[in-house]
Amino acid sequence: MHWADFRAQRLRDRGTPQVIVSGITPSGEFHIGHLREILTAEMIHRACLDAGLESRYVFIVDSMDPLRRVYDFLSEDYEQFIGVPLAYIPAPNTDGTPSNGETSYAEHFLNPFLEALKEIGVFPEIVMNHETYENGQFSEKIDLAIRKREEIREIIMRVSGRELPEDWFPYSPRGPNGSMDGITVTSYEYPHVFWVDENGVSGESDIRRADGKMPWRLDWAARWIIHGVTCEPAGKDHGAAGGSYDTGIPICELLGGSPPDKIVYEWIQLKGMGPMSSSSGVTIGPMEALSLVPPEILRYVIARSKIGRHIEFDTGGALFEMADEYERLLTMPDEGEITKRMRTRIDTREGALRMSQVVRGSDPLESFAGVSFRHLAMLAQIKSSDEEVWQSLRKSNHISGEPSRSIISRLSKMRSWVESEHFPETARINIQTEIDEKTRSEISDNQASFLRELSANLGSCEWSENSITDAIRNSIKNSEITGKDAFSGIYLAILGAKHGPRASSLIAEIGKDDVLAILSVI
RNA sequence: GGGCCUGUAGCUUAGUCAGGUAGAGCACCGGGCUUUUAACCCGGUGGCCGGGGGUUCGAAUCCCCCCGGGCCCGCCA
């Protein structure tokens with residue numbers, strides 16, 4: 001059984017409508033790591049629907065979280081906003097200076113991410129957490145938390161092993177400049193929390209408005225109750241012993257709720273570079289990933305891995321593997337006696353394919369391209385026009401008639417991949433501009449004389465694939481060379497390799513002048 | 001220090017929750033096709049399932065111990 005279906009089965013036991021939630025702090029550019037947070041939850045949501053359960057998928061944006069520090073991409077001007085919720089800070093301009101504030105910091109980073117989500121078929125209900133504070137939905141839980149502050153303080157200290165000060169208070173009011181830093185609570189009387197700042201300025205915060213927020217560990221537990229959350233997969237940072245999941249569960253119960261089961265997912269790493277981090281530049285954005293990888297394959301990357309396994313995201317050679325594996329699964333026949341193990345395996349991969357579809361419920365076969373990534377990569381490099389690619393694919397019986405939507409999309413992604421730095425060098429077709437010594441030594445006398453013959457024939461030939469094919473054929477006839485040797489000679493001269501794409505296509509695409517220039521030095 | 005994940009063929013892994021004779025892909029080797037698209041088709045080699053102990057008629061699977069690898073524990077997915 002696929003992990004998403006397994007979770008759905010467990011959730012069925014709760015008996016309530018399912019509310020599957022993701023939560024992310026929009027403190028900077030989103031990266032593909034966030035995609036695992038989103039897709040893990042969204043796939044469980046889809047599995048619930050598939051199982052006939054009532055389910056909603058909600059993306060809670062942590063827009064009430066404060067700016068922690070001035071990140072590298074921000075100008076010093078942001079110093080003044082430290083401690084202020086991201087919803088109330090102006091978005092940065094491209095140079096890192098604060099903008100006029102038409103768009104908030106939170107929205108600035110969130111919006112492009114939501115666009116990317118559409119492309120992979122994810123349409124969450126969006127909850128901006130600061131609005132939940134603004135409209136007073138948190139007030140009852142804040143009031144309760146303040147009254148039970150001793151018990152909560154005890155839970156956090158016991159479970160997390162952290163020491164909290166005697167005067168710890170489960171609510172952080174925002175001071176005169178909107179920041180939560182440096183504010184000391186002096187007293188509470190519903191609905192007001194009274195405080196004093198570092199300069200002795202005092203004021204009051206109305207807990208029914210966004211005048212402050214609960215600290216993370218409480219905020220999380222409280223929102224589970226407010227939104228009726230039944231499932232919220234969290235990154236492994238929250239899953240550590242004594243982490244926020246462990247404190248959230250008893251705090252949620254104390255506040256009168258029924259917490260979700262603890263689900264912890266592993267992180268995505270960039271191939272060979274460890275965990276992603278925006279500050280170290282080890283990052284790849286969802287939009288960048290989507291420009292290279294077809295959406296269903298990107299979903300498949302998440303769907304195929306169990307929640308607890310870390311994923312090595314590799315935009316190089318492994319992507320061929322991944323895409324071909326996807327294609328293969330689509331057409332894999334189930335033969336012979338079905339043992340229990342085989343049943344499990346088939347169910348799991350069927351689930352992974354189902355979860356990978358951009359449109360829920362669509363037939364995975366509709367996403368079948370019918371051409372391997374490797375082959376398409378080659379064609380994309382030697383055919384500059386899409387139409388020529390389709391012609392070639394018809395000729396090789398990969399497709400018949402008009403290209404499918406899915407393969408058109410594949411080719412367009414393939415073209416960006418080929419042009420990007422991520423495309424693996426081993427798959428790149430490098431046209432030689434000159435013949436180096438090593439290659440020259442590999443070309444036999446036979447091949448050399450064949451190539452000279454070919455060069456002469458090409459020089460007088462019409463530049464079309466058919467004529468070029470004829471030229472090659474005639475040259476072989478006139479040279480007393482085997483077809484095999486002839487072709488490997490061509491590839492050695494043009495590519496510096498013994499194999500290559502169909503020679504006539506390759507030569508046609510390179511152009512007469514360049515081909516003759518290469519062959520002239522034989 | 002506390003905790004999580006992980007160790008199955010050269011590589012990537014499925015199977016572990018619900019114990020019943022180890023599956024796959026890549027790579028490799030061989031064959032087919034051969035006026036060769038790195039394509040395509042067919043076949044094959046290769047595993048004391050990290051090590052040890054226990055439970056069981058039976059363990060990759062459950063329990064215990066050990067070893068190796070990765071990661072988390074202010075905020076970060």
Side-chain angles (χ1 to χ4, degrees), chain A residues 1 3 6 9-10 22-25 27-28 30-41 62 65-69 71 160-162 216 233-246 262 264-269 274-279 304-310 312 314 317-318 320-322 324-325 328-329 332 339-346 348-349 352 371-372 374-379 381-383 392-393 395-398 426-427 429 469-477 482-488 490-491 495 497-506:
Chain A
M1 187 185 294
W3 52 260
F6 178 73
Q9 198 181 61
R10 295 284 296 272
S22 296
I24 301 178
T25 305
S27 56
F30 284 76
H31 53 67
I32 46 161
H34 295 107
L35 236 37
R36 189 166 203 180
E37 161 86 29
I38 294 286
L39 285 174
T40 301
D62 285 312
D65 285 13
L67 183 71
R68 300 282 176 193
R69 60 183 174 87
Y71 302 109
S160 77
R162 237 201 291 173
W216 163 242
K236 64 160 158 189
D237 49 328
H238 295 303
S244 43
Y245 229 124
D246 287 353
K262 182 173 176 178
V264 175
Y265 60 85
E266 257 287 353
W267 287 7
I268 294 184
Q269 313 198 358
M276 239 165 299
S277 147
S278 348
S279 54
R304 71 190 286 276
S305 302
K306 288 183 288 190
I307 292 180
R309 280 192 103 100
H310 88 251
E312 293 250 332
D314 183 356
F320 284 120
E321 272 300 306
M322 194 69 67
D324 291 349
E325 176 181 305
R328 203 162 44 238
L329 253 46
M332 190 177 278
T339 63
K340 186 185 151 201
R341 285 182 188 179
M342 287 171 70
R343 188 75 262 159
T344 307
R345 190 162 68 237
I346 293 166
T348 303
R349 74 173 190 233
V371 190
S372 74
R374 207 168 282 280
H375 191 193
L376 199 58
M378 189 170 51
L379 292 178
Q381 290 179 84
I382 60 171
K383 306 280 187 192
S392 170
L393 289 173
K395 216 167 158 185
S396 55
N397 282 323
H398 281 98
T426 51
I429 293 174
T469 305
D470 288 340
I472 297 175
R473 195 193 310 171
N474 291 330
S475 308
I476 294 174
K477 273 184 191 162
T482 64
K484 188 170 185 166
D485 282 348
F487 280 100
S488 68
I490 294 175
Y491 295 122
L495 304 176
K498 286 180 180 166
H499 302 277
R502 163 167 281 190
S504 54
S505 306
L506 184 63

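Labels below follow one simple rule: chain letters A, B, ... track the order of the sequence lines, proteins then strands, and each chain is numbered from 1.
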Show the distances under 3.5 angstrom between N or O atoms of the protein and N or O atoms of nucleotides 30-32 of chain B.
none

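An OP1 or OP2 oxygen of B:A24 is reached within less than 4.0 angstrom by no side-chain nitrogen or oxygen of A:Arg304. An OP1 or OP2 oxygen of B:A77 is reached within less than 4.0 angstrom by a side-chain nitrogen or oxygen of A:His34. Taking side-chain N and O atoms only, A:Lys383 has no distance below 4.0 Å to OP1 or OP2 of B:U37.
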**Report entry** Worked check of side-chain contact (heavy atoms from CB on, under 4.5 Å) between A:Ser27 and A:Arg68
**Finding:** CA-CA 9 Å; A:Ser27 56; A:Arg68 300 282 176 193; over 6 Å; no
Requested in this report: Output, in order, the C-alpha distance, side-chain angles, deciding distance and verdict of side-chain contact (heavy atoms from CB on, under 4.5 Å) for A:Phe30 and A:Leu35.
Outcome: CA-CA 9 Å; A:Phe30 284 76; A:Leu35 236 37; over 6 Å; no
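Here the nucleotide nearest the side chain of A:Phe6, chosen from B:G25, B:U35, B:C17, is B:C17. With B:U37, B:U6, B:G25 as the choices, the nucleotide that has an atom nearest any side-chain atom of A:Met378 turns out to be B:U37. Taking the side chain of A:Glu266 as heavy atoms from C-beta on, and the options B:C75, B:A77, B:C5, the nearest nucleotide is B:C5. Nearest to the side-chain atoms of A:Thr25 among the listed nucleotides B:A77, B:U37, B:G25 stands B:A77. Comparing B:G25, B:A14, B:C75 by their closest approach to the side chain of A:Glu321 singles out B:G25. In the set B:U36, B:C26, B:C75, B:U36 carries the atom at the smallest distance from any side-chain atom of A:Ser488. Here B:U36 is the nucleotide among B:U35, B:U36, B:A77 with the atom lying nearest to any side-chain atom of A:Phe487. Side-chain proximity of A:His310 to the nucleotides B:G70, B:A77, B:C75 is greatest for B:G70. Ranking B:U35, B:C72, B:U6 by closeness to the A:Arg473 side chain, first place goes to B:U35. Checked against B:A77, B:G25, B:C75, the side chain of A:His31 finds its nearest nucleotide in B:A77.
Looking only at side-chain heavy atoms (C-beta outward), A:Glu266 and A:Ser305 stay at 4.5 Å or farther from each other. Within the 4.5 Å cutoff, side-chain heavy atoms of A:Leu393 are placed close to those of A:His375.
One interatomic measurement links the two molecules: CG of A:Asp237 to C1' of B:C72, which rounds to 7 Å at whole-angstrom precision. Taking atom CZ on A:Arg309 and atom P on B:C5, their separation rounds to 12 Å, with Å as the unit. The CD atom of A:Glu312 sits 21 Å away from the P atom of B:C26 (whole-angstrom rounding). Nucleotide B:G3 holds its C1' atom 9 Å from the CG atom of A:Asp246, rounded to whole Å. Taking atom CE of residue A:Met1 and atom C1' of nucleotide B:A18, one finds them 10 Å apart after rounding to whole Å. In this structure, the CE atom of A:Met322 is 14 Å from the C1' atom of B:A14, given to the nearest Å. We find that CG of A:Leu506 is positioned 20 Å from P of B:U35, with the value rounded to whole Å. In this structure, the CG atom of A:Leu393 is 12 Å from the P atom of B:C40, given to the nearest Å.
Searching all strands for a Watson-Crick or G-U wobble partner of B:A60 with both distances below 3.5 Å returns nothing. With a cut-off of 3.5 Å on both pairing distances, the Watson-Crick or G-U wobble partner of B:G1 is B:C73. Judged by Watson-Crick or G-U wobble contacts below 3.5 Å, the nucleotide B:C40 has B:G32 as its partner. Nucleotide B:G7 has B:C67 as its partner under the Watson-Crick or G-U criteria, with both atom distances under 3.5 Å. Pair assignment for B:A24 gives B:U12, based on Watson-Crick or G-U wobble hydrogen-bonding distances that are each under 3.5 Å.
B:G20 and B:A27 have their P atoms separated by 32 Å, with the value rounded to a whole Å. The same atom, C1', is picked in B:G23 and in B:A14; the two are 7 Å apart, to the nearest Å. Comparing B:C49 with B:A59, their C1' atoms sit 11 Å apart, to the nearest whole Å. For the C1' atoms, the distance from B:C73 to B:C65 is 26 Å, rounded to whole Å. Spacing of P atoms, B:G30 relative to B:G69, comes out at 38 Å, to the nearest Å. Remark: the separation of the C1' atoms in B:G51 and B:C67 is 7 Å, to the nearest Å. To the nearest whole angstrom, the two P atoms, one in B:G58 and one in B:C72, are 43 Å apart. Straight-line distance between the C1' atoms of B:G3 and B:U13: roughly 26 Å, to the nearest whole Å.
A:His238 contributes no side-chain N or O that, together with a main-chain N or O of A:Gly235, makes up a donor-acceptor pair within less than 3.5 Å. In this structure, A:Lys262 contributes its side chain and A:Asp246 its backbone to no donor-acceptor pair below 3.5 Å. Under a 3.5 Å cut-off, the side chain of A:Glu37 and the backbone N or O of A:Gly33 do not form any donor-acceptor pair. At distances below 3.5 Å, not a single donor-acceptor pair connects side-chain atoms of A:Trp216 with backbone N or O atoms of A:Asp65.
RNA chain B is contacted by both A:Ser244 and A:Ser505; A:Ser505 maps to the nucleotide lying nearer its 5′ end (nearest heavy atom per residue). Comparing A:Ile429 and A:Thr348, the nucleotide of RNA chain B nearest to each residue sits closer to the 5' end for A:Thr348.
A distance of 11.0 Å separates CD1 in A:Ile32 from CG in A:Leu39, rounded to the nearest 0.5 Å. Remark: A:His34 NE2 to A:Thr25 OG1 distance equals 8.0 Å, nearest 0.5 Å. Within the model, atoms CG of A:Leu379 and CD1 of A:Ile429 stand 8.5 Å from one another, a figure rounded to the nearest 0.5 Å.
With hydrogens and angles left out, the side chain of A:Ser392 and the base of B:U37 share a donor-acceptor pair within 3.5 Å.
Looking at heavy-atom distances under 4.0 Å, A:Leu379 makes contact with a base. Here A:Gly308 lies in heavy-atom contact (under 4.0 Å) with sugar-phosphate atoms only. As judged by a 4.0 angstrom heavy-atom cut-off over every strand, A:Thr40 is placed among residues making no nucleic acid contact. A:Phe320 comes within contact range of no nucleotide atom at all, as no heavy-atom separation falls under 4.0 Å.
Stacking between A:Tyr265 and B:A77 is absent: the ring centroid is not both under 5.5 Å from the six-membered base ring centre and under 30° in plane angle.
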